[in-house]
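Since the model is a prediction, treat every value here as computed from it, not as a measurement. Count residues from 1 along the sequence. Remember, it's 1-based here, ligands and their atoms both numbered in the order they're listed.
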Amino acid sequence: MNTELKEKAYSKELNEKLDKFKSVLSEIQALSVAGAVASWDIETQMPKLGSEYRGWVLSILTKINHEKLISEDIESSLQYLRREENNSKLNKVDKAIVRVIGREYDKDKKIPVKLIQELSELTSKSHVVWAEAKAKNDYKSFSPHLGKIFSIKKEIAEYIGYEEDPYDALVDSYEEKMTAKKLDSLFESLKADLIPVLKKIKESSVKINNAFLEKKYPSDEQIELSKDLLKYIGYEFDKGRLDTSNHPFTIGLGPNDVRVTTHIKENNIMSNIGSSIHEGGHGLYEQGVDPNLGKTCVGSGASLGIHESQSRFYETIIGQGMPFWKGYFPKLVQRFPEQLKGVTLEDFYRAINIVTPSFIRVESDEVTYNLHIVVRYEMERALLSGEINSDDIPALWSEKMDKYLGIKPATDTEGCLQDVHWSWGAIGYFPTYTIGNLCAAQFYNTLKKQQPNLEDEIASGNLKLVRSWLGENIHNCGMLETPQEIIRRVNGEDLNSKYFVEYINQKYKDIYGW
Ligand code: ZN
């Protein structure tokens, strides 16, 4: 065979392998979307008693996808496509697909199907038990479920394997290459920097009145406000929708179907504003991914940490910033003239940035938020290492809240039962919130350097500049790059806590005057 013929034959072989590989991946993708629709429905629409049956359906979908992922077809294709001489011939998208699926495959191949199914059934039930336990302040009924979830997760970590700590195996599935060691160092420096800031705030003589935020803001009007805020930041409703759920979330069901939820408390307007803008940030990310990647497994956010950097970027840095409210406050007053009578922009800005250590993470301020994550992180580490068991959680929770935030919850409902995540089996997930906060501050620092007129534009109501910068630099590429690559490319350095701590110090020094 002459060289030209050889090359043609090789290229044909490569394309055939790639097509076969992608055809199985399309099936996995379609089933995942079906599962995601079913999960969205659980949170927003499904009758309470439907949960057991739905759990069964989802566990079967999970099982089918798992079997497809570890099938002979995928195994042989991956072996071929990961080989350097073949991998180097792939385009950028196909290379990313091989990287992302290879990672999934390596993990899934190591975990027995039976264990994955057991976890899926357990977490479907646990989620319902958790919701009831939270409603009735009955941690005891949830504790055995939580204990079982951690023990299965420990088993999974052992199957996956790790270098230093079983926690590494779990956190890595949410944040590529993140380890307990790196997190220990980030959290230790945050504790060292944030606890003194909190102390200064507590000692400050500045007293902020935020009582007007707790007046009655009717639900219907709040829903209209949510929609308007989402449109204001650039969320596209012809590619999405807004619902309410117990725990707000965003879900991507394809390039033109990215749904968000919020929750409404009539006597707490900021709860809804915060959730709407937060989920809007996630929504903008998903809506901003290159639609050409939509039918592939890389057409979504790069990692949970990067995702959270987008939601926190909008919720806190933008949505709790003076420039944003210079533009939006008049609209808010127009909607709620009675509730905001006599309130100035300055009053409002201070009120929404009041620092009060609170029991509820999702309603906590920027200064204390990461301390809430520290509590959960340290608890997860201790449970996973066997240092404590699930019955120890309530007492330990109180102790750590007291130590870091200076408050002790009176009930488990406002303590260790407040978050849904553990009932889902999401262990190693909470640190992604802190990664998001740190990363958001890094991105904002870079954006401001590149766009010196940024804050004036935001104040004039122009949020397009923000969206297009994030779109070009972060959203568009989906998962074509790893989280670390994105952070380095955009900021020119790795993830660190420097910019976040600077941002917190500068902002709260202005507000609390020390
Ligand atoms: Zn989020």
- Item | Tyr174 ring center within less than 6.0 Å of Phe430 ring center | no
- Item | Results of ring pair (Phe, Tyr, Trp, His ring centres under 6.0 Å) for Phe187 - residues two or more places apart only | Tyr377
- Protein N, O or S within less than 2.8 Å of the Zn ion (ligand 1), waters excluded: His278 NE2, His282 NE2, Glu308 OE1
- If the plane angle is over 60° it's perpendicular, under 30° parallel, otherwise tilted; pick one for His278 and His282. perpendicular
- Message: If we check side-chain hydrogen bond (donor to acceptor under 3.5 Å, both in side chains) with Asn491, which of these qualifies: Asn445, Asn496, Thr446?
- Response: Thr446
- Check ring pair (Phe, Tyr, Trp, His ring centres under 6.0 Å) between His66 and all other residues, then give those that pass, not counting sequence neighbours. none
- Pairing residues for Tyr503 by the ring pair (Phe, Tyr, Trp, His ring centres under 6.0 Å) criterion, not counting sequence neighbours: none
